[in-house]
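Lettering follows sequence order; numbering is per chain, from 1. If you're wondering where the values come from, they're calculated on a predicted model, not measured in any experiment.
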Amino acid sequence: MDSKDKQKFTHPLIDKVEREYLKILADNLRNGSLKLEEAKSHTREFLSLLPFSSFDDFKKKIYEFTLTKSLYQRIYLIILNYEEEIKTKNLLERMRALIKENNFEEALKVVANK
Amino acid sequence: MVSETASEIPSQPRMSEVSIRPSVEFNPRLSTQESKAADSITSGLNSGKPPEDIMRRLLNQKTTKEQNTQPQPNTQPDNEIQSNKKGEAGYENNQSDTGADGDNNIRSAQGQEGSDANPNEKPNKTEEDKFKAAVEKHRQKHGLQAPNLETDERFQKIYEKLMNDWEEKNKEPYKGKDKLSDKEQEAWNDWAAKRVQYRDEAFRKAKIIFEETHREDFKKYEEYGIYDSLNDDPRFKEIFQRNNLIQQELAKKRGSNLSQSPDQIAFVQSRDEFIRRYPEVAKVYAIKDQDIARVLEIEEKRNEQNTQPQPNTQPDNEIQSNKKGEAGYENNQSDTGADGDNNIRSAQGQEGSDANPNEKPNKTEEDKFKAAVEKHRQKHGLQAPNLETDERFQKIYEKLMNDWEEKNKEPYKGRGGLSGLSHEEKMKWIDWAVRRDEYGDRAFSEARVIFKKTYEKDFDKYEKYGVYDSLKNDPRFEKILGRETRVQYKLAIERPDIFQHPAEIAFVHSLDEFIGLYPEVAEVYAIKDENVARVLKIRKEKNQQHTQPQPDTQPNEQRKTGREDNQINTGEDGDNRRSGQDREGADANSNKERTNNEPNKPEQETEIQELKKQIEALTQEIKELRKELEQLKELEAQAGKIFQHLKENPQIAKLFESQGAGATGNKPLESKQSNISKLLEILILLLLAAGGFAVGSEAKKT
């Protein structure tokens, strides 16, 4: 378990989130909302979050990062959106499995509970 | 959520919002170091570099503070302000990273090109040489001592003196001392920071002194001063700052817009305004800025066209002269940021400037389009391609706006722009500008009503035959699309399993409807719009099938009035005769049936349309259900195979036996068919749930 935790968690979503972070940074540098010194400080902080050990770790760190810096809230929303998609997919998988087993009652329960 | 999104689709066309993205977005008062950092991030992102590398590169960028704390041997003003002779180090070479506003203003037309510009925009060497030559020619032509005020030696001397005076009063601490203690370093940093602050003030003071002492030259610089690019031009920055503030405020009031961000709108508006206000300067920038070149070319052509004689459908005294050089409506109004401005577009004057580059037709197509617009205009006796470009309409609108401005005077007018105002004053000015903008929307609608009353025939003609620079910029299409989008989104919410891709469906429906309603206009758009051309072709083919010899159920007279000469054979002509309001509710599809029958009443049309939609929906549903059934059969088959495979395992077989014959896989497939209906029920629930999530996600994204 420990060795697993130490492993670097890689996922295309991280790249997406990092790019979004940079986009926000560039936009705010341009419109004068952010000074270069602040941008550097935020980036330093962001880089200190790396690497992520798991999806939960990734989500938690980004949540904490955006909690104090509402400017970057959008990147946390990206993770939430992704999570929702995954949840939907998992639900469908479960449903599919139950249907395969002809366990319609359970399948219905899964939908109803959702 | 989705319904909210749908309701955000503007019913009024906002044409200037459909425009190209600003190549460089910036805050005009922004210091160079932030701008450079932002550019560096953007170019890194565009080049596909790993984000972490971009972040590390950002960390390596030196800030003003970091630079100031490093040994600085050259802090003397002597080194700062250099003469402007070619080849010598320019002022900005020493100052570009200080972050002071003054730095942004102090630009050398010769020495600065592309220093912090988007690398994609950087012109090649030949263009740069041409630009330099044009700057020199322009300077001589207008009798300027330097390309711009900031590079004028006299101005630099004033500025230099101000800085020297300041330094006389505020001596540099520990001057000449090699090593400073922490405390001394801190004191020195304070002094350097104050000095940077004073630079802005000195710059403003120098400007005022120069204006007082060299009034004529100051005026010339104001009018003809030239910098290394539009983005470096302080006049443009001032215009952009103003427009951006207005657009940001409007965006807050109106809520987010689906198509464009406020700064993008402000950028395009500001560029257009700059070109109109400083055409000679814009011509020089155009040498290395293709966007400006294109807009200029369009403006020129529009002016040329306006000077050509047009068919006279109105009394002489109504038609105003439109000589080149005269300030047209658009020239005076473009900076209001109002919707009216967005609507006031020229079919000739707008194409390409804010169109999607992917949709941009090639030169020949554009020429063909322009020629077709002109032919179409003449054919239908229109004074301009569309209502919004009709001078009479523009004059009405202009008058309404002028009246409003008479009653609501611009605060702080003549105070030298926004930069000269305090924060409170700025807010007051913005409030005024926003009110003016809001009135612009109302004035636009009002101008339409007045025009309709005064020139009823012409108004109807514009309603039927007005042409814009493209289909998507046509307000009639925008209206249809807005309505259809709302309908499709509503359907998508109700039945997400059936009605997917509402935006795409809405577009196709709207396109079809538009072509049905305005076939002649569509023919013109088809020249440069493949989608229109394709749908037109399909409709023509369908129509040809319809017009094969068939029993004649229509009275002769009706047939005569049902079609106009030269109109394409779509069979929807009857619609063209209706007013704009009627058209909105009309349905193109239902028109097809009308060719050989009695014309339908609007209620019947709506009914037919509704029925058609229902049939479509049901067909779609059946298709989906069939697909699902197929999938279920496949699943069943797979399950059967797995069960057979499991049965081969003696332990499992034993287990099955112990549980009796109730194991699911034992049942023949036929007996399970009864479950299919149950399965379908689950699947539909499942799809609804999945659709619900998807819609939720989409809405969040929006």
Side-chain angles (χ1 to χ4, degrees), chain A residues 14-44 46-47 50-51 74 77-78 80-89 91-92 94-96 98-114, chain B residues 24-31 33-42 44-45 50-52 54-56 58-66 99 244 248 261 263 632 635-636 638-639 642 664-665 667 672 675 678-679 681-683 685-690 692-694 696-698 700-701:
Chain A
I14 298 176
D15 187 75
K16 196 178 169 187
V17 162
E18 286 177 343
R19 286 183 182 279
E20 194 57 37
Y21 164 77
L22 285 167
K23 266 167 82 178
I24 298 169
L25 209 65
D27 287 348
N28 284 281
L29 280 166
R30 280 201 184 95
N31 69 25
S33 310
L34 213 57
K35 288 266 157 223
L36 181 57
E37 277 164 39
E38 287 173 300
K40 284 173 75 172
S41 152
H42 294 170
T43 305
R44 219 169 278 131
F46 191 98
L47 284 170
L50 306 176
R74 212 179 337 148
L77 288 177
I78 291 175
L80 290 183
N81 270 328
Y82 173 78
E83 212 179 16
E84 203 175 59
E85 276 170 31
I86 291 294
K87 274 182 187 166
T88 311
K89 273 185 191 166
L91 185 85
L92 289 168
R94 271 176 66 198
M95 295 284 298
R96 206 170 290 142
L98 287 165
I99 291 168
K100 268 186 190 175
E101 291 165 11
N102 270 7
N103 201 344
F104 304 116
E105 295 303 324
E106 275 303 307
L108 270 170
K109 269 184 201 169
V110 171
V111 187
N113 289 342
K114 185 65 205 167
Chain B
V24 183
E25 290 170 14
F26 64 91
N27 180 331
R29 308 300 294 169
L30 187 66
S31 73
Q33 60 176 4
E34 272 80 20
S35 172
K36 271 187 179 171
D39 284 346
S40 152
I41 293 170
T42 311
L45 285 171
E52 286 165 35
I54 304 168
M55 290 186 208
R56 292 202 171 89
L58 175 75
L59 293 182
N60 290 332
Q61 194 163 334
K62 284 190 176 120
T63 59
T64 314
K65 206 174 166 185
E66 286 159 355
N244 196 26
Q248 299 285 354
S261 65
D263 50 359
L632 277 171
L635 278 176
E636 292 279 8
Q638 274 177 15
I642 292 165
T664 52
K667 289 180 182 173
K672 284 184 276 167
N675 281 329
K678 208 168 185 181
L679 269 166
E681 191 188 340
I682 295 166
L683 266 165
L685 274 166
L686 198 61
L687 285 163
L688 276 170
F693 302 141
S697 308
E698 277 303 312
K700 269 186 189 170
K701 279 174 209 165

Side chain, backbone, both or neither of A:K23 within contact of chain B (heavy atoms, under 4.5 Å): both
Separation of B:M55 CE from A:H42 NE2 (nearest 0.5 Å): 13.0 Å
Residue list, salt bridge (Lys or Arg N to Asp or Glu O under 4.0 Å) with A:R94, at least two apart or on another chain: none
Inter-residue atom distance A:I99.CD1 - B:L635.CG, 0.5 Å rounding: 8.0 Å
Side-chain touch B:L58/A:L36, heavy atoms, less than 4.5 angstrom: yes
Part of A:Y21 within contact of chain B (heavy atom distance under 4.5 Å): side chain
Top contributor to chain B contacts, counting heavy-atom pairs under 4.5 Å, from A:L22, A:T43, A:I14: A:L22
Heavy-atom check, side chain of A:L34 versus side chain of B:E34, under 4.5 Å: no
A:R19 CZ to B:I41 CD1 distance, which is reported to the nearest 0.5 Å: 12.5 Å
Closest contact, heavy atoms only, B:A38 versus A:A26: CB-O, 3.5 Å
Distance in Å, A:L25 CG paired with B:T42 OG1, rounded so as to fall on 0.5 Å steps: 9.5 Å
Which atoms of A:L50 approach chain B - backbone, side chain, both or neither, heavy atom under 4.5 Å: side chain
